[in-house]
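Quick notes on the structure that follows.
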Amino acid sequence: MRKKRAGMGEAPYKKDNETFTYDGKKVTAYPAEKLFDMIKEDFGEDVEGEVKTFTAGVKKKKEYKEIWLKVKRERFHELVEWMSKIQVPHLAVASGRDAGEEIELIYHFSLFYGIRDSEVSLCVKVSLPKEDPVIDTITDILPGALITEREKQEMLGVKVKNIPDPRRVFTSDELPEGYYPWRNDNDPEVEKELVRDLSKEGL
Amino acid sequence: MLDIPYEVEILLRSTVGAIAVALFALIFGLILVGIDRKVHARMQSRIGPPIRQPFRDVKKLLYKQTIIPENAVQSIYNNAPILAFAAAMAVMVYLPLGPFSPMLSEGGDLILVLYLLIIPSLAMVVGGFASGSPYATVGAQREMVLMISYELPLASVIIAIAWKAASGGLDFAAFTFSGIMSYPIWDHVGAVGAVGAILLLGTILITLPGEMSKIPFDAPEAETEICGGLLAEYSGRNLAMFMLADAVKTVALGTLVIALFFPWGLTPTLESVLDVDINKYIGWGIDFLFYMLKLILLVVVAVSFPRTAFSRIKVDQITDVYWKRVGAMALVGVFLLMLDLQVL
Amino acid sequence: MAEKTFTVPIGPIHPALKEIESFILTVDGERVVNVELDLGYSHRGLEYIVTHRCNPIQAIYIAERICGICSTSHPYAYVQSMEHAAGITPPERAEIIRAIIGELERIHSHILWAGVAAHEIGFDTLLHWTWKIRENVLDVLEAITGNRINYAMFTIGGVRRDIDEKGIRQIRSSLQFYREVFDTFVATFIEDTTVKMRTRDVGILTREEAEKQVAVGPTARGSGVPKDVRYDKPYSAYADLDIYPIVPDEFTHEETKGDVYDRIVVRIFEVLQSVHILEDLCDLLESTPGPITYQQNLVVVLNQLKRAVGEGIGRHEAPRGEVFHYSMLNKREQPVVWKVRAPTYNNYASWIPMMKGTQIADIPIVIASIDPCLSCADRMTVVDERTGKSRVMTLQEMREMGWRKTKEIKRRVA
């Protein structure tokens, strides 16, 4: 009835939905459970985590999976290298929070993009003690991670080792040293000076 | 008739005439800019500004404060607009305005006009460099490249036409406007020559947007790239002067094209069609109105249409277009004109 | 050679930039030798506001105001992340309506972008024409949601308004309109000689570079990376449709170069793709009756969210690429963590390889080619006070300033 519709149906450039060709290398999508087992096998006790399953769709129900991992910071860089051997991992962003004694960074990767319905999100958590919040840079593997690493430095006070460009990104240079907006343990005096809520001041 | 001594008559002609020409060029130039903006807007399905908008713009600019940047070379920066305006005005005195022959006419004024037309652009370049802004510097560099680019095809057209007139028996008068006007190119060419003349007309029409720095050849002023380029630092009176120079230059360029390619008046045709004798003064009026109509049509075709239909091209592409494509077009035109002479 | 180069600042305020940011270009004549990026001019601290002052429902409206153009994409990802964190499943009809709004937004966003791109290369006629045809979809959105942008359709666990028969009819007539004008759109944009002259071989981002610089959306697809969240991962009603990412070689029939032209092709054909998706979604909506939220009473939802412990990610393919939200709830009035990742945030890095070696004249179109949405990517304003100190300025504070200014103007007028 309708002639071929752009952007809908079978992709014209790839017959095989299971694989993704990159630089002559074929990438085969593993199910999330298998990927998780592979990581477990190679990293053993240094990683722990789970696979979460969700369902989507209206008439056709489909499942999709996320892997949530916790990795020791010494092996984090190695894990990213490990992933990049399968496919250049996509880094969505690194988020983070102040978890009391520690700073927890969460790197949101995804693998197997470019293959229908088989992308696996990997959320990799790394805990850094507050007295020594140092983590290795991954810009040597993914140059595009620079901005998010710089943001983590200025917002959470993390130190990224070997970062090519340590300057601030979003905050002003006039923001005092040692004040990190996303931390909960800022000096209340400094915070009071910097943050105002005028609706509470009755203006 | 009043008995006026010859010297007084010359004096009167040059003062009153110069003032009249200046006023006409200023007012009609701004009207042309207004018409161009209106037509451009209507073609983009906008309402557009009223035709008197350029007058308001100039008036407002004259009111406004003139800011001189800190690291500008003041003397050059302030004098460049005056130079541009004066040069554009000077061109007008050498040009025939419809039925009126040029106020000043010497042998070779065609070449003089060609050079005088460069001066407003040169003044803008000098002013741009003097304003000490990186945008203006980039703009000035681009304007120089643009001038080098369009000068070749423009000069080849003018010289080809003058050469044709000269070989047609005009000799030295060929490089004067009165000479060219009395020798319309279309009346003296065969079929091959006509094709050549059409190519030359096309060439000069394509150089017009370049001369006026209009899209697609507005790289020196490119608003989204270098914030207005040459004019980035200009404001107030200085900017108003540049605007007026631009308006006058529009009239001058249009008049040049009309003198070269469409010199006819309407009166002889009307006289033969209606079979009446038209009073000399009424005839002047009719021809002058016809000349203004030709100018408006020319500006719409050569400026408003391309401005609507094309995007801005880069400065290296401008050189490419003018030297390779338009230059080739002009050369082919000249060649065909020469061939035509042989055939005849 | 060093003296031959000089610097040209582009921004923070510049006609080529629709939002404030700053580039310092080092140029040699017309050629760009080096680029410095300076960001953060429109950082508004929204994450700070939400994690300190707002409950999860209020945060939807802040998410909506992250960006004017992708004002559905951010709530889309945000509600997904919250639903995952709290274990809420929205009803089916709501999922379809969400996708419909998302696709309508994509149409208007891409057409808006096409106009901006045309303006950057000095083609104002196209700017006016594209923005004229964009009005059609805005009218439909206004009819369905009550607003041209900032639709306020999303809520946690569903949507706030249903689309009735009349709404579907309006969407369908709008789709018909876009089908009709699409050929003209292609002819005036993709097939136009001057557009091609200005954009071919300009701002090249190779496929490898795009993957390494973690580019997303049309920026990545323009370089030939078939990456589209709607295809990679089934979510919402998109799981029912067979969508595949648009890459340029299908339409240009040339090798993918990853230049500005390829990105234009991707965006323009995505308009057509959205039209097709919407046709299917309209059919789907008609055959799927049911509620539009899992819980009508907001107080119940809010209480559930306050008690919830968990974390979730939400991803949506916005017009500019993948929007990513991460939220964490921990028995608190406010979310504990809220991280917003707008597509432009990832595409920033691609600018530098694109710009090096181009001409100054190409910079505006290269900047525009990733369709930057800076207010999405920066989210905190730090303003300089007269005292020379800087501080974080809150949204409320800005609003107060706005009110004060209005009052002042009123007083002056009276």
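Reminder, nothing fancy here: chain letters follow the sequence lines and each chain counts from 1.
- S236(C) and A56(A) make their closest contact through N-CB, 4.0 Å (heavy atoms, listed as atom of the first residue, atom of the second, distance).
- Most heavy-atom pairs under 4.5 Å with chain A, from the set T288(C), V336(C), I313(C): that is I313(C).
- For the options R167(A), H108(A), R97(A), heavy-atom pairs under 4.5 Å to chain C are most numerous at H108(A).
- Looking at E311(C), the atoms closer than 4.5 Å to chain A (heavy atoms on both sides) sit in the backbone and in the side chain alike.
- Your options are P89(A), G57(A), S110(A), and the one with the most heavy-atom pairs under 4.5 Å with chain C is G57(A).
- Within the model, atoms CZ of R230(C) and CG of D117(A) stand 13.0 Å from one another, a figure rounded to the nearest 0.5 Å.
- Of the atoms belonging to S287(C), heavy atoms from both backbone and side chain fall under 4.5 Å from chain A.
- Interface remark: of the candidates C123(A), A94(A), A145(A), G144(A), G144(A) forms the most heavy-atom pairs closer than 4.5 Å to chain C.
- A 4.5 Å side-chain heavy-atom check between E211(C) and Y113(A) finds at least one atom pair inside the cut-off.
- Residues V88(A) and E208(C) are not in side-chain contact: their nearest non-hydrogen atoms beyond the backbone lie 4.5 Å or more apart.
- The interface of residues 59-68 of chain A with chain C, defined by heavy-atom distances below 4.5 Å, comprises K59(A), K60(A), K61(A), K62(A), E63(A), Y64(A), E66(A), W68(A).
- Put simply, OH on Y348(C) and OG1 on T148(A) are 12.5 Å apart, with the number rounded to the nearest 0.5 Å.
- The aromatic rings of H84(C) and F54(A) sit parallel, their planes meeting at an angle under 30°, below the 60° perpendicular limit.
- Residue A92(A) comes nearest to F324(C) through the heavy atom pair CB-CD1, 3.5 Å, listed as atom of the first residue, atom of the second, then distance.
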With side chain to side chain contact (heavy atoms under 4.5 Å, CB included) as the test, would you mind laying out the steps for H90(A) and E322(C) before giving the verdict? CA-CA 11 Å; H90(A) 176 72; E322(C) 174 198 23; 3.1 Å; yes
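- Under the 4.5 Å side-chain criterion, counting only non-hydrogen atoms from C-beta, V337(C) is not in contact with W182(A).
- The heavy-atom pair separating D240(C) from V58(A) by the smallest distance is OD1-N, 2.7 Å.
- Separating the CZ atom in R341(C) from the CG atom in L91(A) is a distance of 8.5 Å, to the nearest 0.5 Å.
- For chain A, the nearby parts of I277(C) are the backbone and the side chain; heavy atoms of each come within less than 4.5 Å.
- Note on K52(A), K125(A), R168(A): by heavy-atom pairs under 4.5 Å with chain C, the leading option is K125(A).
- Contact count against chain A (heavy-atom pairs under 4.5 Å) is highest for E92(C) among R93(C), E95(C), E92(C).
- Only the side chain of I106(A) has a heavy atom closer than 4.5 Å to any heavy atom of chain C.
- Summarising the geometry, atom CG belonging to N184(A) is positioned 6.0 Å from atom NE2 belonging to H52(C); distances are rounded to the nearest 0.5 Å.
- In this structure, the separation between OG on S95(A) and NE2 on H325(C) is 12.0 Å, given to the nearest 0.5 Å.
- Residue-level contacts of residues 156-165 of chain A with chain C do not occur; threshold 4.5 Å between heavy atoms.
- For chain A, no part of A99(C) is nearby; none of its heavy atoms comes within less than 4.5 Å.
- In summary, E151(A) and K339(C) engage in a salt bridge, as defined by a charged side-chain N under 4.0 Å from a carboxylate O.
- Under the 4.0 Å criterion applied to side-chain N and carboxylate O atoms, E119(A) and R315(C) are assigned as salt-bridge partners.
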